[in-house]
Amino acid sequence: MASLDKPPTVTSTVKWRFPAMHPEGRKYALVAGAISFLAVLWGGWFWGWPMIALTIWVISFFRDPVRVTPQGERLIVAPADGLVTMIERVALPPELRGPGGLGDLPLVRVSIFMSVFDVHINRTPVTGTIRQVIYISGKFLNADLDKASDENERQHIVVETSDGMRIGFTQIAGLVARRILAFIKPGDMVVAGQRIGLIRFGSRVDVFLPDGIEPQVTLGQRSIAGETILGRPGLPAVRGVAQ
């Protein structure tokens, strides 16, 4: 038995491993796999290969990689993988206004667009308590459009940290997305980077930054859920150059 006085071994390397598939995707992978088998059995490889490719894509879509979340006071991390498509100060959605939400003044909104090739597991931006989970039915417009924030099917979530800071973010369905799933409910305690839900097949997530916190991402940058820092108090907004 190892001595209790001996400090733990610290490694300086991390091995790559294939991402696991989220349990939500298993039924879809099984259905796609069964169709692939039947396509090969009845139609030969001419029909089988496209279905095998579809099965691989389904497995990839529901991949759930391990993420390493930065730790720090009042640090806000990205809730979604994808492309930062909009950064602007906007009026809050009605569902997020008022003393129970984020107040009544406009806030900076960072929009992250998830294509069908991105990881679709969403994570909480901060550690705290879930105060609101509000689902709104709606349309299925292109999630990259600005009006999708007001017209598409969506789900608003508010998290309050131990020092009273509130972060609101919205899961928005897209053209082919047809269901938003939540893994949390009001009153739940969450830690930054924890999985809180997913959106099936192409979508967007909007994050509303509190006043005094400037965005630490730029338009066209790709974010990684649970890892990319969206905001940190005391820092100016960052600028980027496409190259």
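Predicted, not measured: the structure shown is a model, and the values here were computed from it.
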Please find the pair of heavy atoms, one from [X] and one from [Y], that lie closest to each other, and give the distance.
{"X": "His120", "Y": "Ser203", "answer": "CD2-OG, 3.5 Å"}
{"X": "Ile180", "Y": "Ala173", "answer": "CD1-N, 3.9 Å"}
{"X": "Ile76", "Y": "Leu209", "answer": "CD1-CD2, 4.1 Å"}
{"X": "Thr124", "Y": "Val191", "answer": "CG2-O, 2.9 Å"}
{"X": "Gln194", "Y": "Val190", "answer": "OE1-CA, 3.3 Å"}
{"X": "Asp206", "Y": "Ser111", "answer": "OD1-OG, 2.7 Å"}

[Y] reachable from [X] in the ILVMFWY side-chain graph, under 4.5 Å edges:
{"X": "Val58", "Y": "Ile52", "result": "no"}
{"X": "Met114", "Y": "Val110", "result": "yes"}
{"X": "Leu235", "Y": "Val108", "result": "no"}
{"X": "Trp42", "Y": "Phe37", "result": "yes"}
{"X": "Val205", "Y": "Ile184", "result": "yes"}

Does [X] use its side chain to pair, donor to acceptor, with the backbone of [Y] at less than 3.5 Å?
{"X": "Arg74", "Y": "Gly231", "answer": "no"}
{"X": "Asp104", "Y": "Gly98", "answer": "yes"}
{"X": "Glu160", "Y": "Val158", "answer": "no"}
{"X": "Arg97", "Y": "Leu92", "answer": "yes"}
{"X": "Gln216", "Y": "Arg232", "answer": "no"}
{"X": "Ser223", "Y": "Ala80", "answer": "yes"}
{"X": "Ser36", "Y": "Met51", "answer": "yes"}
{"X": "Thr127", "Y": "Ala192", "answer": "yes"}
{"X": "Thr69", "Y": "Gly226", "answer": "yes"}

Nearest 0.5 angstrom please: [X] [atom1] to [Y] [atom2], how far?
{"X": "Ile229", "Y": "Ile224", "atom1": "CD1", "atom2": "CD1", "answer": "12.0 Å"}
{"X": "Arg131", "Y": "Ile167", "atom1": "CZ", "atom2": "CD1", "answer": "14.0 Å"}
{"X": "Leu181", "Y": "Ile121", "atom1": "CG", "atom2": "CD1", "answer": "9.0 Å"}
{"X": "Leu107", "Y": "Ile213", "atom1": "CG", "atom2": "CD1", "answer": "10.5 Å"}
{"X": "Ile172", "Y": "His156", "atom1": "CD1", "atom2": "NE2", "answer": "8.0 Å"}
{"X": "Ile199", "Y": "Gln171", "atom1": "CD1", "atom2": "CD", "answer": "4.5 Å"}

Open item on the list: Taking side-chain hydrogen bond (donor to acceptor under 3.5 Å, both in side chains) as the criterion, tell me which of Glu153, Gln155, Arg154 meets it with Tyr135.
Closed with: Glu153

Is there a side-chain contact between [X] and [Y] (heavy atoms, below 4.5 Å)?
{"X": "Val119", "Y": "Arg67", "answer": "yes"}
{"X": "Asn122", "Y": "Ile157", "answer": "no"}
{"X": "Ile196", "Y": "Pro79", "answer": "no"}
{"X": "Lys27", "Y": "Leu30", "answer": "no"}

Task: Residues Asp81, Arg63; criterion salt bridge (charged side-chain N to carboxylate O under 4.0 Å, His left out); working and verdict - done: CA-CA 12 Å; Asp81 284 31; Arg63 65 194 185 278; 5.9 Å; no

TODO: Apply the test salt bridge (charged side-chain N to carboxylate O under 4.0 Å, His left out) to residues Asp64 and Arg195: give CA-CA distance (whole Å), side-chain angles for both, the deciding distance (0.1 Å), then the verdict.
DONE: CA-CA 10 Å; Asp64 185 14; Arg195 299 163 179 81; 2.9 Å; yes

Open item on the list: Using salt bridge (charged side-chain N to carboxylate O under 4.0 Å, His left out), reason through Asp211 and Arg89 one step at a time and then give a plain yes or no.
Closed with: CA-CA 10 Å; Asp211 270 333; Arg89 186 173 291 273; 3.2 Å; yes

Task: Member of Ile112, Thr228, Leu83 meeting the side-chain contact (heavy atoms from CB on, under 4.5 Å) criterion with Gln221 - done: Thr228

Open item on the list: My understanding is that only one of Thr85, Val84, Asp118 makes a side-chain contact (heavy atoms from CB on, under 4.5 Å) with Phe113; could you say which?
Closed with: Thr85

TODO: For Phe183, look at atom CZ and say whether over 12 heavy atoms of other residues, nucleotides or ligands are found less than 6.0 Å away.
DONE: yes

Task: Audit row: Glu227, Val68, side chain to side chain contact (heavy atoms under 4.5 Å, CB included) steps and yes/no - done: CA-CA 6 Å; Glu227 293 190 351; Val68 179; 4.0 Å; yes

